[in-house]
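Quick note: residue numbers are just sequence positions, from 1.
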Amino acid sequence: MTSNHPADARPTGPRVGSASSHGKTILIGEHAVVYGEPALVLPVNDVRVAATVTPVADSAGSGLQSAVHTGPFDLAPAAVMPTVTAVTATLRHLHAEHQHVHVRVDSDVPTARGMGSSAAVAAAVTAAVADAFGVVLDPETHHELVQECERVAHGRPSGLDARGVVADVPVWFEGGRIEPVQLSGAFAFVVADTGVPGHTRQAVAAVRARRDGNPTRIDAVIGQIGDLARRARGTLVDGDAQGLGATMDAAHALLTTLDVSSDDLDHLVHAARAAGALGAKLTGGGRGGCVLALATDGEHADRIAAALRGAGAAATWTTRIGDRA
């Protein structure tokens, strides 16, 4: 959930504003979602972005302090243009285009790992700018502002990342709309970083090229991934961790068929299974990035995380959903 301070809906005078958001990961549905199939998205609440926005005098000019760029907006590199867009778009929405601000972003969400880094930063910054004017953005306005930033970052975003980084619970994403998924029981997941940046655009383009060459076969695989997403939703509702793990394993096999896995991803998937994971798969665009593993409980998640780091994972995170995870 993106958070900022409660305030009246109408703009007031500028003040120091702050907000936060978190990472996300795809449980089931990568690539198939591009072709209209559903996807399940998990929040990764322990991986966060915090943004602070301080109004400054016109003479100071607007500036950014972040790990990627520290300095004036006018000198910002292309990598932080989505962040600059988050500021300018929100100020425009608030009819405060002429206000200059200093923006600080502290992010634990790794970039190019399928965890929604650009969307998480945009979600926190847009909410913090609004908070600086005493405004809490309604969910749809907030979403549209984040999507404006995501278009700068990714061209034609589905909206999945923008929805996932502000959700507190697993969400079902279909046709640009989301709904929360009800849970029975608790689930513990480990996200492990291969240390290799993901190549989502190339992977999406490669799947599209394979589909153009053999639409019947690839459409069948895409449909099977969609069916697995539907099955996985049922396992969450039923509290069936064993069944969910089986759908994760099946999804990884299908994504491998689409040629979006890699040796690094397969290595960590096998390491997770060797550590007793109920299921493991790549998560995100693939060809680098992260894997997602399902544990039996929190202590088991810690053991899987240790095993994955021992197998070469650059970093691991645990996300728990449900009352007793």
> What do the steps show when you test Thr194 against Leu268 for side chain to side chain contact (heavy atoms under 4.5 Å, CB included), and what is the final call?
Replying inline: CA-CA 7 Å; Thr194 62; Leu268 290 186; 3.8 Å; yes
> Under a single-linkage definition using a 4.5 Å side-chain heavy-atom cutoff for Ile, Leu, Val, Met, Phe, Trp and Tyr, are Leu282 and Ile304 assigned to the same hydrophobic cluster?
Replying inline: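 Leu282 and Ile304: one cluster.
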> Within a radius of less than 6.0 Å around CD of Gln242, do more than 12 heavy atoms belonging to other residues, nucleotides or ligands occur?
Replying inline: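 Counting other residues, nucleotides and ligands, CD of Gln242 stays at 12 neighbours or fewer.
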>> Around atom CD of Glu97, are there more than 12 heavy atoms from other residues, nucleotides or ligands closer than 6.0 Å?
In response: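 Yes, because the 6.0 Å sphere around CD of Glu97 holds more than 12 heavy atoms from other groups.
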> Shortest non-hydrogen contact from Gly289 to Asp193?
Replying inline: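 Smallest heavy-atom distance, with atoms named: O-OD1, 3.6 Å.
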>> Exactly one of Thr83, Val84, Val80 should register a side-chain contact (heavy atoms from CB on, under 4.5 Å) with Phe73. Which one does?
In response: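 The passing option is Val84.
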> Which of these passes side chain to side chain donor-acceptor pair (under 3.5 Å) with His300: Asp302, Asp297, Thr296?
Replying inline: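 For His300, the side chain to side chain donor-acceptor pair (under 3.5 Å) test succeeds with only one of Asp302, Asp297, Thr296, which is Thr296.
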>> Run the side chain to side chain contact (heavy atoms under 4.5 Å, CB included) test on Asp219 and Tyr35 for me, step by step, so that the C-alpha distance in whole Å, both residues' side-chain angles and the decisive distance to 0.1 Å come before the verdict.
In response: CA-CA 9 Å; Asp219 280 347; Tyr35 300 96; 5.5 Å; no
> Can we say Asp259 and Arg287 salt-bridge, meaning some charged N sits less than 4.0 Å from an Asp/Glu carboxylate O?
Replying inline: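 Salt bridge present between Asp259 and Arg287.
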>> With a 4.5 Å cut-off on side-chain heavy atoms, are Trp172 and Arg163 touching?
In response: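 Side-chain contact under 4.5 Å: no.
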> Hey, are His252 and Asp266 close enough side-chain-wise for a donor-acceptor pair under 3.5 Å?
Replying inline: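 Checked: Asp266/His252 side chains pair up, N/O donor to acceptor below 3.5 Å.
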>> Evaluate Met115 against Val44 for side chain to side chain contact (heavy atoms under 4.5 Å, CB included), listing each step before the verdict.
In response: CA-CA 8 Å; Met115 295 181 72; Val44 184; 4.0 Å; yes
>> If you apply the rule side chain to side chain contact (heavy atoms under 4.5 Å, CB included), what do you find for Asp161 with Lys24, and how did you get there?
In response: CA-CA 7 Å; Asp161 281 10; Lys24 65 86 183 140; 2.5 Å; yes
> Take atom CD in Gln182; do more than 12 heavy atoms of anything else shown fall under 6.0 Å from it?
Replying inline: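 Result for CD/Gln182: open.
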>> For the CZ atom on Arg151, are there more than 12 heavy atoms of other groups (residues, nucleotides or ligands in this structure) within a distance under 6.0 Å?
In response: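 Buried by this count: over 12 neighbours within 6.0 Å.
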> Take atom CZ in Arg230; do more than 12 heavy atoms of anything else shown fall under 6.0 Å from it?
Replying inline: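 Enclosed: over 12 neighbouring heavy atoms sit under 6.0 Å from CZ of Arg230.
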>> Testing Asp263, Leu265, Asp264 one by one against Val196 for a side-chain contact (heavy atoms from CB on, under 4.5 Å), which residue passes?
In response: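 Running side-chain contact (heavy atoms from CB on, under 4.5 Å) over Asp263, Leu265, Asp264 with Val196 returns exactly one hit, Asp264.
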